[in-house]
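Worksheet: one structure, shown below.
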Amino acid sequence: MKIEVYENVWDALEDDPVERERLKMRSRLMTALKIRIESWHVSPARVAKRLGITQRRLSDLRRGRFNKFSLGALFDLATRAGLKVTLSIDETEKKKAAKRAA
């Protein structure tokens, strides 16, 4: 039996590369949001008000139910939370493919 090692859990769970990257991004945003929210040390009601969401929605966020949040919604929440979100494009795979083709 061969043991496969993956860089992260999404590589192991998702075969579709597009969905895999989307899940990775959503997961990163949600983790950053949870850390930021915990650092505030305020009531859930105040957090929800600050983020402009309901307490029920905040509960989904805090419980890691990222499937209930689109990438855009998480980006908006991160911005409201004072996080600076940047996009980085890595063309490593493109370069590897070009070398293989040469």
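Applying the salt bridge (Lys or Arg N to Asp or Glu O under 4.0 Å) rule to Arg22 yields the partners Glu19; only residues at least two apart in sequence or on another chain are considered. Residues passing the side chain to side chain donor-acceptor pair (under 3.5 Å) test with Arg63 are Ser59, sequence neighbours excluded. A search for salt bridge (Lys or Arg N to Asp or Glu O under 4.0 Å) contacts involving Asp60 returns Arg65, not counting sequence neighbours. In this structure, the side-chain contact (heavy atoms from CB on, under 4.5 Å) partners of Leu71, at least two apart in sequence or on a different chain, are Met25, Arg26, Leu29. Applying the side-chain contact (heavy atoms from CB on, under 4.5 Å) test to Ser39 and every residue at least two apart in sequence or in another chain returns Arg36.
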Acceptor/donor pairs from residues 73-82 side chains to any protein atom, 3.5 angstrom cut, sequence neighbours excluded:
from	atom 1	to	atom 2	distance (Å)
Thr79	OG1	Phe75	O	3.0
Arg80	NH1	Leu51	O	2.9

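Under a hydrophobic-cluster definition in which Ile, Leu, Val, Met, Phe, Trp and Tyr are linked whenever side-chain heavy atoms come within less than 4.5 Å, directly or via other members, Ile89 and Val18 are assigned to different clusters. Using a 4.5 Å cut-off between side-chain heavy atoms of Ile, Leu, Val, Met, Phe, Trp and Tyr, with links allowed through other members, Leu58 and Val42 fall into the same hydrophobic cluster. Under the 4.5 Å side-chain heavy-atom criterion for Ile, Leu, Val, Met, Phe, Trp and Tyr, Ile35 and Val85 are members of distinct hydrophobic clusters.
We find the CD-OG distance between Gln55 and Ser43 to be 7.0 Å, quoted to the nearest 0.5 Å. In this structure, the separation between CE on Met30 and CD1 on Ile37 is 9.0 Å, given to the nearest 0.5 Å.
Note that Arg46 lies outside the cation-pi zone of Trp40, set by a 6.0 Å cut-off to the ring centre and a 45° limit from the axis.
Looking at Ser27, its side chain never comes within 3.5 Å of a backbone N or O of Leu23 through a donor-acceptor pair. In this structure a side-chain-to-backbone donor-acceptor pair under 3.5 Å is missing from Arg62 to Glu38.
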